[in-house]
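Only one structure is covered here, and it is reproduced in the block below.
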Amino acid sequence: MAVQWLLVVHGVMTLALIISFLCGQWPIFKGTPFRWIHYFITRGAYDYLLRFVGMVFGSKGTDAVLTVEQFCCHRPNPILQIIYIAIIGSVYFVIAKSSFMYIPGYYIGNVHKYTSFVAVVVGVILFLLTSFSDPGTVNAANVSLYISAYPYDEIIYSEKECSTCRIPKPARSKHCSVCNRCVARFDHHCGWMNNCIGERNTRYFMAFLFWHFLLCLYGAIAIGFILAGRVKELRVVHVLTVYYGVENSFRNLAPRVLQWLAGTYNTQILVMVFLAIVSLLLAGFFAYHLNLCVTNTTTNETFKWREYISWRKKLSEAKASSAALKAGTPYCEQEKRRCFGLCGRSSAHDRDDEAEAKAQAIMKRNMYDRGSFQNVSEIVFPLSSRPLTSSKPKPKSE
């Protein structure tokens with residue numbers, strides 16, 4: 001019984017940590033332990049470490065930690081790439097060591113020994129393609145090509161020069177401080193790939209996410225079939241009903257079969273649960289990026305639009321405050337007088353909502369959105385790789 005409870009606790013803790021780390025900053029988790037755990041993992045633990053090192057070793061120790069941080073987080077390095085190879089290699093080794101002995105089984109054929117290896121190899125190839133392919137580096141030689149491919153919308157993108165590269169900055173590009181280069185149609189810098197995700201390698205990144213989702217799902221289902229086959233081959237249900245007098249019903253048999261599996265095949269169950277959780281997370285991450293691709297938006301642009309909406313709201317508040325001062329009434333007093341007694345809302349809130357609604361309407365008129373099919377084709381066949389006459393995007397017709 002202790003082993004079963006250990007498995008349950010391990011599974012719950014693993015799930016809580018993964019959700020907290022990846023999703024704890026979401027608004028839905030505000031005020032919950034997930035938000036606190038996310039803060040502790042991402043910032044709090046590091047702050048406490050710096051304080052502890054400073055107390056014990058002084059400024060030299062703190063400087064050493066900051067140097068390591070600079071190398072790990074602000075400069076290209078292969079640490080997470082090595083961790084990825086270690087994870088996928090160790091998980092495959094554990095599965096081969098613990099489960100291949102039961103293949104072929106009652107519900108699974110011998111071919112899965114080979115298809116699983118091929119699937120892992122394909123995953124590693126996609127990882128290498130994403131990691132070492134050019135994301136769309138902008139330089140003096142090709143900057144005119146990217147400027148013609150992506151026109152400025154004059155809202156979040158306008159003509160300017162990159163202060164670091166000293167070249168014109170094309171629309172939708174961003175200078176990555178980690179890679180120290182401008183990247184066309186910049187989405188984000190991926191530490192796992194040790195590379196930026198941009199115009200030319202988004203297709204590989206999407207393929208990597210989708211394939212690894214399928215890979216984890218395939219592993220979880222295959223292990224499930226192996227365990228189901230063991231239950232069938234060892235006639236566990238027959239033994240429980242005939243020799244132990246358990247009633248032949250799902251409600252009575254299921255807990256006892258699961259208890260037997262947890263005690264006998266705990267390694268396989270741990271790996272199966274791990275793969276199932278990771279597949280769900282990858283599915284969510286892939287769905288998020290697929291939505292960006294279908295609407296022809298990038299992660300970087302979502303943050304830019306948030307900043308734009310925030311700026312519009314602040315501008316509206318500043319105009320309202322200026323108008324109140326011109327009228328000779330302090331802004332806060334004027335708003336108190338205009339407050340609606342029943343709902344507690346004021347004209348300031350209405351103006352904020354109106355400003356945000358206008359900003360949201362502008363954001364929805366994304367000039368780079370040419371329709372789902374064209375948007376996806378732009379990911380598969382980047383604009384910069386097409387003839388100049390057809391590279392300039394045409395906005396989707398209203």
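- Listed for the S384 side chain is no donor-acceptor partner under 3.5 Å among the backbone atoms of Y146.
- Residue pairs meeting the side-chain hydrogen bond (donor to acceptor under 3.5 Å, both in side chains) criterion with at least one partner in residues 84-106, sequence neighbours excluded, are Y84-H212.
- Note that NE2 of H189 is 8.5 Å distant from OG of S177, once rounded to the nearest 0.5 Å.
- Within the structure, the salt bridge (charged side-chain N to carboxylate O under 4.0 Å, His left out) test picks out the following pairs touching residues 137-163 (sequence neighbours left out): E161-R166.
- Within the model, atoms CD1 of I108 and CD1 of I226 stand 4.5 Å from one another, a figure rounded to the nearest 0.5 Å.
- Each salt bridge (charged side-chain N to carboxylate O under 4.0 Å, His left out) pair with one or both residues in residues 205-230, not counting sequence neighbours, appears once here: R230-E233.
- With contacts defined as side-chain heavy-atom distances shorter than 4.5 Å, the pair V138/C165 does not qualify.
- Scored by the side chain to side chain contact (heavy atoms under 4.5 Å, CB included) test, W36 finds F40 as partners (sequence neighbours excluded).
- Judged by the 6.0 Å distance and 45° axis criteria, R306 is positioned over the aromatic ring of F303.
- Side chain of S20 to backbone of L17: no donor-acceptor contact under 3.5 angstrom is found.
- When the side chain to side chain contact (heavy atoms under 4.5 Å, CB included) test is applied to F274, the partners found at least two apart in sequence or on another chain are V91, V278.
- In this structure, a donor-acceptor pair under 3.5 Å is absent between the side chains of S133 and R200.
- Counting heavy atoms from C-beta on, the side chains of F208 and I197 never come closer than 4.5 Å.
- Under a 3.5 Å cut-off, the side chain of S279 and the backbone N or O of A276 do form a donor-acceptor pair.
- In this pair, F34 and F29 present their aromatic rings tilted. The plane angle is within the 30 to 60° band.
- Note: I37 CD1 to T42 OG1 = 11.5 Å, rounded to the nearest 0.5 Å.
- Here M272 contributes atom CE and I221 contributes atom CD1; the two are 10.5 Å apart, rounded to the nearest 0.5 Å.
- I83 meets the side chain to side chain contact (heavy atoms under 4.5 Å, CB included) test with I79, L80, I87, W192; sequence neighbours excluded.
- Judged purely by atom type and a 3.5 angstrom limit, N201 has no side-chain atom pairing as donor or acceptor with the backbone of S131.
- Clustering ILVMFWY residues whenever any of their side-chain heavy atoms sit less than 4.5 angstrom apart, transitively, puts I88 in the very cluster that holds F286.
- Other residues, nucleotides and ligands place no more than 12 heavy atoms under 6.0 Å from the CE atom of M13.
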Name the atoms and distances for all side-chain donor-acceptor pairs under 3.5 Å in residues 115-127, with sequence neighbours left out.
from	atom 1	to	atom 2	distance (Å)
T115	OG1	V111	O	3.4
T115	OG1	Y218	OH	2.7
S116	OG	H112	O	2.8
S116	OG	K113	O	3.2

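- A continuous path of hydrophobic side-chain contacts links M101 to V94 [ILVMFWY only; heavy atoms under 4.5 Å].
- Classified by interplanar angle (parallel below 30°, tilted 30° to 60°, perpendicular above 60°), the ring pair Y308/W305 is perpendicular.
- The hydrophobic cluster containing L215 also contains M206, counting ILVMFWY residues as joined when their side-chain heavy atoms lie under 4.5 angstrom apart, directly or transitively.
- The CD1 atom of I309 sits 13.0 Å away from the NZ atom of K314 when rounded to the nearest 0.5 Å.
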Show which side-chain atoms of residues 288-300 pair as donor or acceptor with protein atoms under 3.5 Å away, not counting sequence neighbours.
from	atom 1	to	atom 2	distance (Å)
T295	OG1	N291	O	2.8
T295	OG1	L292	O	3.3
T295	OG1	T297	OG1	3.3
N296	OD1	R172	NH1	2.9
N296	OD1	R172	NH2	3.3
N296	OD1	R185	NH2	3.2
N296	ND2	Y368	O	2.7
N296	ND2	N375	OD1	3.1
N296	ND2	E378	OE1	3.0
T297	OG1	T295	O	3.3
T298	OG1	F186	O	3.3
T298	OG1	E301	N	3.1
T299	OG1	D187	OD1	2.8
T299	OG1	D187	OD2	3.4

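- Partners of P104 under the side chain to side chain contact (heavy atoms under 4.5 Å, CB included) rule, at least two apart in sequence or in another chain, are N110.
- Tracing side-chain contacts under 4.5 Å through hydrophobic residues (I, L, V, M, F, W, Y), one reaches L281 starting from L217; they form part of the same cluster.
- Every residue meeting the side-chain hydrogen bond (donor to acceptor under 3.5 Å, both in side chains) condition with R181, not counting sequence neighbours, appears here in chain and number order: T137, N195.
- With hydrogens and angles ignored, the 3.5 Å screen pairs no side-chain donor or acceptor of Q268 with any backbone N or O of I223.
- A distance of 13.5 Å separates CD1 in I19 from NE2 in H38, rounded to the nearest 0.5 Å.
- Both Y152 and I156 are assigned to one and the same hydrophobic cluster, defined by single-linkage of ILVMFWY side chains at heavy-atom distances under 4.5 Å.
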Considering only distance and modelled atom types, tabulate donor-acceptor pairs under 3.5 Å from the side chains of residues 242-254, sequence neighbours left out.
from	atom 1	to	atom 2	distance (Å)
E247	OE1	N252	ND2	3.4
S249	OG	N252	ND2	2.7

Which pairs would a plain distance check flag for residues 43-63, meaning a side-chain donor or acceptor within less than 3.5 Å of a matching protein atom at least two apart in sequence or in another chain?
from	atom 1	to	atom 2	distance (Å)
Y46	OH	E69	OE1	2.7
T62	OG1	G58	O	3.3

